[in-house]
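Protein chains get the first letters and strands the later ones, always in sequence-line order, with residue 1 at the start of each.
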There are 2 protein chains.
Amino acid sequence: MRQPRAKRKASIADVAKAVGVSKTTISRYLHGEYDYMSAQTRERIRKVIEELDYRPNRVAQILKATRSNIIGVVIADISNPFSSQLLKGIQTECRKHDIQLLISDADNSAKVERAAMESLLDSQVDGLIVNTAGDNDDFLTAFATTPGNPPMATLDRTLLPLVCDGVATDNAGGVNLMMDHLVAQGFEYVTFVVRPPSGITSRLHRINAMEDYLATHAIDGEVLIYDPAKDDLPDLLSRLSHDHVDDRICLFANNEETLQDILRACDREECRLLERAGLCTFGSENTRFTRSGITCLDQNPVLIGRTCAARLIDRIQSKSDKPFELIKLPTELHVYPSTEIR
Amino acid sequence: MRQPRAKRKASIADVAKAVGVSKTTISRYLHGEYDYMSAQTRERIRKVIEELDYRPNRVAQILKATRSNIIGVVIADISNPFSSQLLKGIQTECRKHDIQLLISDADNSAKVERAAMESLLDSQVDGLIVNTAGDNDDFLTAFATTPGNPPMATLDRTLLPLVCDGVATDNAGGVNLMMDHLVAQGFEYVTFVVRPPSGITSRLHRINAMEDYLATHAIDGEVLIYDPAKDDLPDLLSRLSHDHVDDRICLFANNEETLQDILRACDREECRLLERAGLCTFGSENTRFTRSGITCLDQNPVLIGRTCAARLIDRIQSKSDKPFELIKLPTELHVYPSTEIR
DNA sequence: CTGTTAGCGCATTCAA
DNA sequence: TTGAATGCGCTAACAG
């Protein structure tokens, strides 16, 4: 019945048989409980394990145990460089704890996201990190509050009311930081450019922060929502340009994706907006090489990922019921020529 | 002994008991073998499963089955945007086949890479995709040729002699494509800039292709290897500049990482090299937004990932012993102002 | 149409 | 010091 020796990997039973002891003893050996065996058996076990190249089957271990040491990650769009930084942070933290990562890309779809989460659950993950694609709050909340489900943490996006831990950028803080800078530079009209919020909290929070700022400070501006599907950005920008011919305008992009949308929109047409307008963005520090250097708010995604993983692991291990926490990490402003007044 | 009802998730036994049939029948239901049961039982099972919110435990399924429907991926550096595109491709292909991804970051270390591969093996993955960190050929070869190990495929980097499938960029083709372009543009001296090869085949192949090209075409140039740890690039570049004051120089970067190293090196010092030299790179198309637009060879990493996953899945499923294949995907040249002669 | 039985590989009582 | 027996949750003969 069993496969011909050579192919099939050795099991604990094979090792036991070869050594001439019971599986229990092998199991003990594997767990370092050397006190329960003679020095000779211990040595013989060592040798046989080496000869047979035996390695315990994690699947079987998981089936027995209550923990799998696997964390599931659902990421809205894995091809996004920002996401890959998040994953780097998660991975770094998890390696420290010898935890493996089952990663699933949601392809920016709430539906795929739900399926991925269910599927990860079936794989007995000890916890779940979710960078939601948006418009999925009901499901996420239900998931987090269902007794029996493993702990979950939201990544870069937040879920309110707080039904699980979450780590995200301090979006309002970032907006204020950038706006203060732009005011200091002497800009008169700032347009925050963003794709439709679609339930993505980071966008919503930034939009709110922006509106707050405009309402409470001596600077004018607006929030400009465009839709890449409609390709309406070029028109919106040229209208903006016409409406504010004499203002010192600055465009403030929601992220590098939008920054590129802006650059692309301004490439074609004879849109000369960027010749006179400032430009800045939420993003990573390598925007210093975009055009002549674009001022940006670095979010330190690696740290966000690390913090989120650490928080989740702590909750898994401590099993305590400390209150859920929403950790907001500050952004760092990097100034480059794009926000100098010309 | 068992946990208090509420917490523990329902098992197939719970469903069977609730319905009043055997586990076998439930198992059959789960696999769509409806012919083997009455319409009533079928309906009752459906209802009970819904009520209990029962979902089969994949870990138990895997333990029984010979396949896990999980593919392990070891990626040299997950924070690299190029890698994240590779992963996107892999993920896309795997979702089609309902295969999950256990992803591990090797942190650019051969040692971590080895540990990650062993660990993935223990998790009973059906196959392994390896984007090696380099300098690990012996282990990889041994791994691929060990009977009993699951099939493996190399990603973006190649292992020779061919002991497993592999998908990578057609590096030589790319170098030729770019060099032909540079010659046509009228450049007289082309320097291929690259970090130490360190057993990374893409770098080696490009270096070889570059040397071949220089030896066989009417254009001069060199391969310049720098070491970011020593921070020697600024010096190397200024020397280059002095040695070729009258030549029409072009720098050809190995990837976007190196491109940034070059830009950074030329930022400080009063290195005026870039004011007169051309610049191009292997990379993604968004280099069109770097500086005033950098000519690049797009490798289409998503396609590389997809192709690699497809190949591996085919090998897993067909179980056939077709000969191993090294698939080379072409690059696409995108021309931007950086390679115009000034 | 349905159930009984016997494992998958391992960890854990409990007993010796 | 050691081992036998049991079960994690599921599947698959084989037997009705």
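Checking the phosphate oxygens (OP1, OP2) of D:dG3, no side-chain nitrogen or oxygen of A:Thr24 falls inside 4.0 Å. Checking the phosphate oxygens (OP1, OP2) of C:dT12, no side-chain nitrogen or oxygen of A:Tyr36 falls inside 4.0 Å. OP1 or OP2 of D:dT11 sits under 4.0 Å from a side-chain N or O of B:Ser27. An OP1 or OP2 oxygen of C:dG9 is reached within less than 4.0 angstrom by no side-chain nitrogen or oxygen of A:Gln61.
For B:Arg311, the CZ atom counts as densely surrounded, since its 6.0 Å shell holds more than 12 non-hydrogen atoms of other residues, nucleotides or ligands. A:Tyr34 OH: more than 12 foreign heavy atoms inside a 6.0 Å radius.
Under the 4.5 Å side-chain criterion, counting only non-hydrogen atoms from C-beta, B:Ile49 is in contact with B:Tyr29.
Across the protein-nucleic acid pair, B:Ile12 atom CD1 and D:dA12 atom C1' stand 12 Å apart, rounded to whole Å. B:Lys64 places its NZ atom 17 Å from the P atom of D:dG7, with the value rounded to the nearest Å. As a whole-Å value, the separation of A:His31 NE2 from C:dT12 P is 6 Å. To the nearest angstrom, P of C:dA11 lies 10 Å from CD of A:Glu33. Rounding to whole angstrom units, NZ of residue B:Lys23 and C1' of D:dC14 are separated by 16 Å.
Among the heavy atoms of the strands lying under 4.0 Å from A:Val21 are primed sugar atoms or P, OP1, OP2 only; no base atom is included. Contact annotation for A:Thr25: backbone-only contact, meaning every heavy-atom pair under 4.0 Å involves sugar-phosphate atoms and none involves a base. Across all strands, B:Tyr34 comes closer than 4.0 Å to no nucleic acid atom at all (heavy-atom distances).
Of the candidates D:dT2, C:dG9, C:dC1, D:dT2 carries the atom nearest the A:Ser38 side chain, counting heavy atoms from C-beta on. With D:dT1, C:dC1, C:dA11 as the choices, the nucleotide that has an atom nearest any side-chain atom of B:Met37 turns out to be C:dC1.
Between the B:Asp156 side chain and the B:Asn131 main chain, no donor and acceptor come within less than 3.5 Å of each other.
Judged by distance alone, with hydrogens and angles left aside, A:Arg28 brings a side-chain donor or acceptor within reach of the base of D:dG3, the pair sitting under 3.5 Å.
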